[in-house]
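Since the structure comes first, as C-alpha cells, the remarks are kept for the end.
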Protein chains: 2
Amino acid sequence: MSFHAHDHRDCIADGIAAAERYCAERRLHFTPVRRRVLEMLLGGHTSLRAYEILDRLRAEGLGSQPPVAYRALDFLVMHGFAHRVERLNAFIACSHADSRHAPAFLICRACNRVVEAESDPQAGELGRAARRAGFVIERTVREAEGLCPDCACAA
Amino acid sequence: MSFHAHDHRDCIADGIAAAERYCAERRLHFTPVRRRVLEMLLGGHTSLRAYEILDRLRAEGLGSQPPVAYRALDFLVMHGFAHRVERLNAFIACSHADSRHAPAFLICRACNRVVEAESDPQAGELGRAARRAGFVIERTVREAEGLCPDCACAA
DNA sequence: GTTTATACGTGATAGTATAACATCGCAAGA
DNA sequence: TCTTGCGATGTTATACTATCACGTATAAAC
C-alpha cells in the first residue's frame, strides 16, 4: 500500500472477509456495528475520527452515543483490524490484515492520506535506547508527518 | 538521561539557564508564566498534562484559563524547551537543551517516568518507507510504551 | 510619546474519551 | 426447560483536551 491509485473495492471486501474469518475462528462476535465501522475505515485511505464515525453510525441508526463508536473501535484495534493514529487522534484500517505488527505511519498534512508501513517494535532508535536503558518495549508509536509525493510536487 | 537517579536540582537550574540564554539571544520574552511552566516540566521526569499545569498556575495566581497554559506550552515546544508526548497528550521538558532534534521517548506505563532519546527524523523504518514512497518527512513521532528497568524487575 | 507587536485575561465553545449502570440476547450447563 | 453468566449494547452524565474570539496590558521600536 502506498500513495498510488488502485482498485479500492478490493480493499474493503478483503478487509471484511479477513475480519470475518478471524472472528469465526476465535468465536468473536463480528457484530453489525463493528462490521460497519471497519467498512467505514476501509473505505478510504484517510483516517477517521471517532466522532465522524459516530455521526455516520447515528445516521444509519446503529447507535448514537460516543461509547458505541469507541467500543467498536476498541474491538477493531485490539484485534488488529484498525490502528489508532496518535498524532491525529484518529483511526485507520490496518493495511496488513495478517498478524500482529507494529505499525508505522506516513501522514500527509496536505491531503490527509495516511499510509501504513510495518516496523519491528525493537528496531531503530527506540529499540537501541530501550536496550541501553533496560527498558521493556510493549508497544511503539511511529508516525511521520509531512507531504506525500503528490502534495510535495504541487507545493 | 536515563532511568537512573541523579541530582535533580541541576536539571532545573540548567534548563532554566539555557532557556534564559536562548531567549536573550533572540529577543524572546521568557515571561513569568513561561518560566514557571518550564520549571514545572523540569521538576520531574514524568510528563505533565496541560490541565495539571493550569491547576498549578491557577494556585499561584499566574493564570486561570486554559489558553494561558496552552500558550506557554506552545512557546516552549516551538523553541525546543519542551516536547509533546502524543501517546499521553502530555508535555515534558527537553533533556537535550542543545539544538533542534527529533525526540524519541520511552514511557513507563507503571511509574509514568519518561526518558528522551534523540533520533534522526529520516532514520529507521519511517525514513525507509518515506524514501520508498517519495514522502517528505517534516516531523516524526517515536514513542515506546512499556516498563522501565525498575518496574520490570518489580513485576 | 506614539506606534506596533507581543503577551495576557477571559468567556465561550469545540473536540476527545470514559464512567457508571441498565438492559438485552445468546449459549453453556443444571 | 430453566437459569446463569457473559458479552454486547443503550443511555445519561461527565471528565478531559484544546481552541476561538475579542479585549486589555505591556514593552520594545521608532
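Proteins get letters first, then strands, A, B, ... in listed order; numbering begins at 1 in each. Note: hydrogens, waters and symmetry copies are ignored here, and every other heavy atom, side chains too, is used.
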Would you tabulate the side-chain donor-acceptor contacts of residues 59-78 of chain A under 3.5 Å, counting partners in other chains and residues two or more places apart, or write 'none'?
{"from": "E60(A)", "atom 1": "OE1", "to": "R36(A)", "atom 2": "NE", "distance (Å)": "2.8"}
{"from": "E60(A)", "atom 1": "OE2", "to": "R36(A)", "atom 2": "NE", "distance (Å)": "3.3"}
{"from": "E60(A)", "atom 1": "OE2", "to": "R36(A)", "atom 2": "NH2", "distance (Å)": "3.0"}

Spacing between D55(B) atom CG and dT17(D) atom P, to the nearest angstrom:
10 Å
OP1, OP2 of dA18(D) versus side-chain N and O of R84(B): anything below 4.0 Å?
yes
Pair listing, side-chain hydrogen bond (donor to acceptor under 3.5 Å, both in side chains) test, anchored in residues 146-155 of chain A, at least two apart:
R113(A)-D150(A)
If only atom types and distance count, is the side chain of E125(A) paired as donor or acceptor with the main-chain N or O of S119(B) below 3.5 Å?
no
Donor-acceptor check, side chain of R87(A) to backbone of R142(A), threshold 3.5 angstrom: yes or no?
no
Nucleotides 4-15 of chain D: protein proximity per nucleotide (B base, S sugar-phosphate only, - neither; heavy atom, under 4.0 Å):
----SBBBB---
In whole angstroms, the gap separating P of dA28(D) from CZ of R26(B) amounts to 18 Å
Counting just side-chain N and O atoms, does R49(B) come under 4.0 Å of either OP1 or OP2 of dC16(D)?
no
Got a salt bridge between R139(A) and E86(A), using NZ or NE/NH1/NH2 to carboxylate O under 4.0 Å?
yes
Of all residues at least two apart in sequence or in a different chain, which pass the ring pair (Phe, Tyr, Trp, His ring centres under 6.0 Å) check with F105(B)?
H83(B)
N/O donor-acceptor pair under 3.5 Å between R56(A) side chain and V37(A) backbone:
no
For A90(B), give me all partners under side-chain contact (heavy atoms from CB on, under 4.5 Å), at least two apart in sequence or on another chain.
S47(B), R49(B), L88(B)
Given atom OH of Y70(B) and atom P of dA21(D), what is their separation to the nearest angstrom?
18 Å
Which nucleotide of DNA chain C is the first, and which the last, in the 5' to 3' direction, to come under 4.0 Å of a heavy atom belonging to chain B?
dA7(C) to dG11(C)
By nearest heavy atom, map R27(B) and A90(B) onto DNA chain D; which one lands nearer the 5' end?
A90(B)
